[in-house]
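Chain A is the first sequence line, chain B the second, and so forth, proteins listed ahead of strands; every chain is numbered from 1. Small disclaimer: the values here were computed from a predicted structure and weren't measured.
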Amino acid sequence: MLPVPVGAGGPVSARKRGSLMARAYDVQEVERRWQGRWAEERTYELEPEDPRPPYYVLCMYPYPSGPAHQGHVRNYTFGDLLVRFRSMQGHAVLSPFGFDSFGLPAENAAIRTGEHPRSFTEARIAELKASVIALGAVYDWRREIRSHDPEYIKWNQVIFLRFLEHGLAYRALAPVNWCPGCKTVLANEQVLADGTCERSGDLVAKRNLEQWFFRITEYADELLEGLDSLEWPERVKTMQRNWIGRSEGAEIELPVVEAKEPGASLRVFTTRPDTTFGMTYAVVAPEHPLVGSLTTDEQRDAVEEVRALASAASDMERQAGIGGSSPASLAKRGAFTGSYVTNPFTGAPVPVYVADYVLMGYGTGAIMAVPAEDERDFAFASSYGLPVVRTTRPPEGFDGGAWTGDGVKINSGFLDGLDVASAKARATAWLEQQGSGRASVKYRLRDWLVSRQRYWGCPIPVVHCGSCGVVPLPEDELPLLAPDDVELAPVGESPLARHPTFAKVDCPSCGRSARRDTDTMDTFVDSSWYFLRFCDPWSTDRPFDPAEAARFMPVDQYIGGIEHAILHLLYARFFTKALADVGLAPGIEREPFRRLFTQGMIRMDGTKMSKSKGNLVAPSGYFDTAGADALRLFHLFAGPPTEDIDWTEQTGEVIDGCGRFLDRVWRLAVDAPAERDDWREGDDRGEDLALLRSAHRLVAKVTDDFEKWSFNTAVAACMEHANVLQRYLRESAASGGPSKAAYDRAVDMLLLVLAPMAPHMTAEAWEIRHGSGARVHSEPWPAFDREMVAEATVTMIVQIDGKVRERIEVDAGITEDDAVALALAAPKVAEALGGIAPSRVVSRPPRLVNLVK
RNA sequence: GCCCGGAUGGCGGAAUCGGUAGACGCGGGGGCCUCAAAAGCCCUUGCCCUUCAGGGCGUGCGGGUUCGAGUCCCGCUCCGGGCACCA
């Protein structure tokens, strides 16, 4: 055993008392050496012509925020396990790594410290990369991507222009969050729930700016339908479905009564055309373009008040819900316009209200209100004294307000007697026939706003020319890089717009003086196709070679946090489809991520462990003490990977426990063979066979558990087998010594299955056992013998009235009759039965016999 | 409010098809080794009664199905997460 100088280095605070224990091997030396070897020997660099079947494992590329935190460690431990496992199984594994290196934190840091975002970011990248390597995770680093690299920026810009060319990128006015205090545009996450700026505390206002959008809504149906084929967590798919929010219904034209302009009508969208007979009023959003013409002079003040309130109201207030509003505040949230529209089904006029519970951004910005069958309409109608007419008969005993369920149609003329579904169809057909409406599908999903009034992002490669309009930059001028000498302090304009020369440019088309776009792209653009670039990061004439990408795509296993369940994953899916449609990714599977795994969070004191909460427990302290292997093992062992982990005072001790287990394996694999002198030839004894049986069972269990992502039970299985090995050595000492052949085989099988989990220790032990140059991670994944796995005898339980009364060791192939006979013959059973034959016998040989009195 | 998860010893968790509840580990208790300690090794550890035999209870709560329920069904409670006027 080596005297181990543990304890040198590493913050004391990160160490729990047990971490000072002496180890069976020099953990830090071994881990550092193997990390070096994996790099030197290019073990996980994948050549394009590799003939093995490809397998693509990808962890979501991280925002480089400094040294890895426990969430990263957990993520990359899972990913690395899979990389090594699939590789041992004979796959050509693509395992790339990169950095989502554009983004707001670097820009904010720059404002604070004066350091340029690039050098700041690159320093953070170096830290994160170092800790990923120190964890022993292996990647093909030649493929590394950083979103802020000029090469990557270039292809981002090429893709943008291609989208522009194909009508997938367009400009429109859109409101942004404007902070008057900071004189800058805020991201949504910088606006607090009460509508104030997180930094200055000023009330954030909406400002309309001309911005770039990607037409993701064009893909709404494909994005929705594509979900069905994916092996993703059901809840992530549900979240995406809700986000897309497809609703089928009808648009209906409501003629305005005595309109100022003849023939004017209000177009509403409804999912319940069957309820139109129950419309007792209509509502338009405060921002609706017809509000002005619908409002009469007498009502103008009231309507203006609603509009003013709606535009000033924080999102929070506006989203509080009609039902949750106090009567006083509710009164200001809606007003009669003074106009009426005609219900096309009844011909009756109904009043038009303006109210903030109707949103301009959804449907047509106007609704027909049916208080009897819609809860919001009901709440509003109750406050404003508007009539309620039921068109669906509620179930017996229903005493609520709005009934939104199925039922027989009533008060509905030609729809009476139908159920809701058929009434919908009939009503829609009638509308189409009358020319006053049509079937319609609406989505909650909006087009993707990609413009950001920021510096540290990918510049948008267009020029705005007074005569030519929007002019794309010629491809040979790309990448368009932002200048370094910018003033980042927030003073009212985006940094690039304030630069003395950046924006000034001659129009590429007509040559007259023009202006560059000074916005940058949302960083979600960068992360929407990086997995494609990873397949062919060397491509110099296009973002990636489609043939090379097609080899690896789709990603076989994508791993990341649940926080990306909607936006990143939806945008990436959209990009993959759009890239194919604009000709950049022909022949590539349109769904980029075949299997998705979302890991649980690391929590501390009930909250998410994060830098901003200041409750980080840095992994680096553990690298210096228990070691990377022990930390990896802890993350695998702590519980199911989907579940959150609570970081407690006990955690350090569990990590030490994982280190102790690795020591024990080391002693079994390296020390015991060298130290013992009572080895025996042959492996034919009962206990030898039992040992080999345990080894085969281990391999079967771990293989199965890896496939199911049940890593905690895989670790437990390894511990059990280590216990078996240890007992075998101890007990064989008294009976002629352990069999060398059986023991070696049983130890090797343990090292092999442990190799993806604790790569350093197993690599070192393997080389010591098998000679210089032997590489455990280049060994084929061990096979197991089914006959060895099957148990020869099992413990049969005998129950009386369902309670366990006896356990009997029986042959695994025992017949039903023998099992029952054996059960009845057991003395304890006979005694418990008291001579009375059971009235019923349930037998499930070989596991159980239940005797019912 | 709606939609998902979840609840098992002192703690993290296991139990794959309805069939031995508590694998494995942490923590605790006892012992061996040692001048002593650390490390290591061995035994023990759900709760209660009890004699090392043995018995009773036990998977958030209340019902049900079943020879048999942590597991299936119905009704709750609590905790966590997501969404929240989407017509």
Please tell me whether A/Tyr281 and A/Tyr384 form a close aromatic pair, meaning their ring centres lie under 6.0 Å apart.
no
Between A/Asn723 and A/Arg664: side-chain donor-acceptor atoms closer than 3.5 Å
yes
Pick base, sugar-phosphate or nothing for A/Ser247, based on heavy-atom distances below 4.0 Å to the nucleic acid.
sugar-phosphate
Shortest side-chain distance from A/Lys708, nucleotide among B/C4, B/U16, B/C83:
B/U16
Starting at atom CZ of A/Phe706, determine the distance to atom C1' of B/U16, rounded to an integer number of angstrom.
17 Å
B/C26 and B/A37, which share atom name P, separated by this distance in whole Å
22 Å
Across all strands shown, which nucleotide pairs with B/C78 by Watson-Crick or G-U wobble geometry, both distances under 3.5 Å?
B/G6
How long is the line joining CZ of A/Arg730 and C1' of B/C43, in whole Å?
10 Å
Taking every heavy atom of A/Arg807 against every heavy atom of A/Ile797, the minimum-distance pair comes out as CG-CG2, 4.3 Å
Answer with base, sugar-phosphate or nothing: what part of the nucleic acid does A/Arg444 contact at a heavy-atom distance below 4.0 Å?
base
Among the nucleotides B/A23, B/G25, B/A87, whichever has the atom closest to the side chain of A/Glu720 is B/A23
Nearest-Å distance for atom pair CD1/C1', residues A/Ile797 and B/G19
6 Å
Which part of the nucleic acid, if any, lies within reach of A/Asn850 when heavy atoms closer than 4.0 Å are counted: base, sugar-phosphate only, or nothing?
base
Tell me if the side-chain of A/Arg844 makes a donor-acceptor pair with the base of B/G19, cut-off 3.5 Å, by modelled atom types.
yes
For A/Glu373 against A/Ala402, the heavy-atom pair lying closest together:
C-CB, 4.0 Å
Base paired to B/C52 (Watson-Crick or G-U; both N/O distances under 3.5 angstrom)
none
Would you mind classifying the nucleic acid contact of A/Val842 as base, sugar-phosphate or nothing, using non-hydrogen atoms under 4.0 angstrom?
base
A/Asp377 near the nucleic acid: base, sugar-phosphate alone, or nothing, with a heavy-atom cut-off under 4.0 Å?
nothing
Sorted by position of nearest nucleotide on RNA chain B, 5' first, the leading residue of A/Ile367 and A/Glu643 is A/Glu643
Check: B/G1 base within 3.5 Å donor-acceptor of A/Glu375 side chain
no
Whole angstroms only, please: what is the CZ-P distance between A/Phe269 and B/A87?
7 Å
Most 5' of A/Arg246 and A/Arg727 on RNA chain B, judged by nearest nucleotide
A/Arg727
Side chain of A/Val358 (C-beta onward), nearest among B/C26, B/A87, B/A23:
B/A87
Under 3.5 Å, is there any donor-acceptor pair linking the side chain of A/Lys701 to the base of B/U16?
yes
The nucleotide from B/C26, B/A14, B/U16 with an atom nearest the side chain of A/Glu653 is B/C26
